[in-house]
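Everything below concerns the one structure shown next.
Note: hydrogens, waters and symmetry copies are ignored here, and every other heavy atom, side chains too, is used. Throughout, a chain's letter reflects where its sequence line sits, starting with A, and its residues are numbered from 1.
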Amino acid sequence: MPELPEVEVVTRSLKKTVKNRKIIKIIVNNRNLRFKLQKNFKQILKNKIVKDIKRKSKYIIFDFGNHFYTILHLGMSGTLHIPSKKKVTNLSFYNNPNMPKKHNHVIIFFDKINLVYNDPRRFGYFKVIKNKHDFDNYFTRIGPEALDKEFNLKYLKNKIKYRKKNIKNFLLDQKIVSGIGNIYANEILYKSQISPMRSVGKLSSTELYKIIKFSRTTLKEAIKFGGSSIKDFKSVSGGGGNFQTKFNVYNRENQRCTKSKCKGIIKKSYISNRSTFICNLCQI
DNA sequence: CCGTTAACCTGAGAGC
DNA sequence: TGCTCTCAGGTTAACG
């Protein structure tokens with residue numbers, strides 16, 4: 001489900017809702033997430049106070065102070081929500097309305113507020129980290145995120161050397177640049193007017209610069225619109241984002257290119273089993 | 001080292 | 001109505 005903008009939106013709402021709150025208790029209904037939840041997960045987090053909430057690419061970080069953290073990755077279908085007594089918030093694409101609590105795997109009880117982790121496909125996971133070394137080490141596996149200054153022309157030029165990978169898979173490779181997923185890779189390449197099939201080694205500096213620029217602007221704009229809600233993305237309070245109304249190519253198969261004067265039709269294909277949308281006339 | 005594929009999961013929607 | 005099949009916003013082990 002979530003790429004950088006959606007995770008950012010969730011992180012911002014967590015800052016407003018659970019920051020500085022104390023965990024009273026935790027209920028674990030299903031430990032079998034992508035990685036099995038450690039046995040003492042409940043005990044180890046009990047009575048901890050959330051000092052801060054941070055985000056690193058697609059990871060949400062609960063910072064408890066003293067280099068004690070819990071990292072959460074939402075996978076494809078993970079959502080966090082705070083149930084309200086007034087309205088039903090858990091009605092995502094994947095949830096059977098008759099059994100809305102079926103995939104509520106972890107419930108964190110704060111004073112006054114409960115935070116529910118729901119994840120039908122269970123590709124998401126929590127990881128508890130207890131020291132600075134492990135924390136820093138955890139993120140060495142991923143490259144700079146697309147909004148970082150480190151993700152610049154010099155960095156990119158160095159990374160593409162001697163490589164034949166196509167630009168779409170390159171943008172999706174979190175070791176190269178982190179935070180971009182399938183929706184935004186499609187949108188960024190459309191705005192850059194570059195075909196997703198192009199080999200990275202053959203891209204010009206101008207083209208690389210466009211990719212960097214549009215990565216930043218596209219992700220930032222998506223954040224401004226509250227992320228993209230295709231099927232089940234919801235913010236913590238239950239509202240969806242609106243960036244899907246801004247899509248130029250994603251999910252727009254057989255529709256007209258959004259650029260005025262362009263007669264192109266958006267075509268769908270697959271690259272490494274991921275759906276890929278392009279305007280044949282705009283993207284070369 | 002590099003690039004690609006399969007696998008991990010559940011459920012909605014399409015087609016028959 | 002119901003069955004089967006495909007697809008979904010992510011990651012990564014395993015393979016050639």
Side-chain angles (χ1 to χ4, degrees), chain A residues 1-10 29-36 56-60 71-80 90-105 117-127 138-139 141-143 145-146 159-188 196-201 218-219 222-223 225-235 240-244 246-247 249-253 268-277:
Chain A
M1 171 201 71
E3 304 180 36
L4 186 152
E6 291 75 35
V7 179
E8 174 65 19
V9 169
V10 171
N29 293 318
N30 189 352
R31 286 175 60 207
N32 298 307
L33 303 179
R34 181 187 181 99
F35 303 116
K36 196 157 189 166
K56 172 81 180 164
S57 60
K58 301 178 190 173
Y59 297 84
I60 295 167
I71 292 170
L72 169 62
H73 195 292
L74 300 171
M76 282 284 252
S77 60
T79 53
L80 283 171
N90 181 17
L91 285 177
S92 72
F93 169 79
Y94 285 101
N95 284 313
N96 183 336
N98 300 317
M99 298 178 67
K101 295 179 179 177
K102 187 174 177 185
H103 301 290
N104 286 353
H105 306 310
Y117 179 66
N118 182 286
D119 187 355
R121 295 177 74 180
R122 285 185 276 118
F123 289 165
Y125 62 93
F126 290 85
K127 179 166 180 62
Y138 196 78
F139 293 107
R141 71 179 71 197
I142 60 171
E145 69 169 52
K159 281 288 173 189
I160 64 172
K161 272 183 190 165
Y162 318 116
R163 309 232 2 210
K164 290 183 174 172
K165 204 172 199 172
N166 67 62
I167 182 62
K168 183 163 183 249
N169 278 340
F170 195 77
L171 287 178
L172 289 174
D173 186 342
Q174 306 296 303
K175 289 192 287 296
I176 306 289
V177 54
S178 62
I180 298 171
N182 200 36
I183 290 178
Y184 297 106
N186 277 298
E187 294 297 319
I188 290 162
M197 318 282 250
R198 293 273 299 282
S199 174
V200 287
T218 306
L219 295 178
I223 292 169
F225 278 81
S228 304
S229 296
I230 308 281
K231 287 172 176 159
D232 65 348
F233 171 69
K234 295 266 185 9
S235 69
N242 288 311
F243 192 72
Q244 66 281 5
K246 295 280 174 181
F247 288 167
V249 285
Y250 189 83
N251 256 0
R252 296 194 65 248
E253 186 181 16
K268 182 180 182 180
S269 60
Y270 288 88
I271 294 177
S272 293
N273 279 322
R274 308 302 302 277
S275 56
T276 302
F277 300 86

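The OH-C1' distance, from A:Y270 to C:dT6, rounds to 8 Å in whole Å. Nucleotide C:dG10 holds its C1' atom 15 Å from the CG atom of A:L171, rounded to whole Å. Rounded to whole Å, the distance from NZ on A:K127 to C1' on C:dG10 is 18 Å. Straight-line distance from the CD atom of A:Q244 to the C1' atom of C:dG9: 12 Å, rounded to whole Å. Nucleotide B:dA6 holds its P atom 16 Å from the CE atom of A:M76, rounded to whole Å. Atom NZ in A:K164 sits roughly 20 Å away from atom P in C:dG16 (whole-Å rounding). Here the C1' atom of nucleotide B:dG3 and the CG atom of A:L172 are 14 Å apart, to the nearest Å. In this structure, CG of A:N186 is placed 10 Å from P of C:dG10, rounded to the nearest angstrom.
Stacking of A:F123 onto the six-membered ring of C:dT11 is not present when judged by under 5.5 angstrom between centres and under 30° between planes.
For A:H73, a side-chain nitrogen or oxygen approaches OP1 or OP2 of C:dT11 to under 4.0 Å. In this model, the phosphate group of C:dT11 is approached by a side-chain N or O of A:K58 to a distance below 4.0 Å at OP1 or OP2. Under 4.0 angstrom from either OP1 or OP2 of C:dG10 there lies no side-chain N or O belonging to A:Y125. Dashed line: the shortest gap from a side-chain N or O of A:H103 to OP1 or OP2 of B:dC9 is not under 4.0 Å. Neither OP1 nor OP2 of C:dG9 sits under 4.0 Å from any side-chain N or O of A:R121. Between A:K102 and B:dG11 there is a side-chain polar atom (N or O) within less than 4.0 angstrom of OP1 or OP2. Between C:dA8 and A:S275, a contact under 4.0 Å exists linking OP1 or OP2 to a side-chain N or O. Between A:S229 and C:dG9 there is no side-chain polar atom (N or O) within less than 4.0 angstrom of OP1 or OP2.
Across B:dT4, C:dT11, B:dC2, the shortest atom-to-atom separation from the side chain of A:R163 is found for B:dC2. You'll find that the side chain of A:R274 is closest to C:dG9, out of C:dG9, B:dG11, B:dG3. With C:dT11, C:dA8, B:dT10 as the choices, the nucleotide that has an atom nearest any side-chain atom of A:Q174 turns out to be C:dT11.
The residue A:N169 sits close only to the backbone: its heavy atoms come under 4.0 Å of sugar-phosphate atoms, none of a base. Among the protein residues, A:K268 comes within range of the sugar-phosphate backbone only, with heavy atoms under 4.0 Å from sugar or phosphate atoms but none that close to a base. Among the heavy atoms of the strands lying under 4.0 Å from A:R34 is at least one base atom, whether or not backbone atoms are also near. Nucleic acid contact for A:R141: sugar-phosphate only, since backbone atoms but no base atoms lie under 4.0 Å from a heavy atom of the residue. Heavy atoms of A:Y250 sit under 4.0 angstrom from primed sugar atoms or phosphate atoms, though from no base atom. Nucleic acid contact for A:Y59: none, since no nucleic acid atom lies under 4.0 Å from a heavy atom of the residue.
Aromatic rings from A:Y59 and A:F139 are positioned such that their centres are separated by under 6.0 Å.
Between the side chain of A:R122 and the base of B:dC9, no donor-acceptor pair under 3.5 Å is found.
By the 30° and 60° cut-offs, the orientation of the rings of A:Y184 relative to A:F243 is tilted.
Nearest-nucleotide positions on DNA chain B for A:Y162 and A:N273 put A:Y162 closer to the 5' end.
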Verdict with reasoning, A:K127 to A:Y138, per side-chain contact (heavy atoms from CB on, under 4.5 Å): CA-CA 10 Å; A:K127 179 166 180 62; A:Y138 196 78; 3.3 Å; yes

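Counting heavy atoms of neighbouring residues, nucleotides and ligands inside a 6.0 Å radius, atom NZ of A:K165 exceeds 12 of them. Atom CG of A:N32 is surrounded by more than 12 heavy atoms from other residues, nucleotides or ligands within 6.0 Å. A 6.0 Å sphere centred on NZ of A:K246 holds no more than 12 heavy atoms belonging to other residues, nucleotides or ligands.
As rounded to the nearest Å, C:dT11 and B:dG11 have P atoms that lie 22 Å from one another. C:dG9 and B:dG3 have their P atoms separated by 23 Å, given to the nearest Å.
Figure legend. C:dG9 is base-paired to no nucleotide; pairs are counted as Watson-Crick or G-U wobble with both atom distances under 3.5 Å.
For the 3.5 Å distance criterion, the side chains of A:K168 and A:N182 qualify, holding a donor opposite an acceptor.
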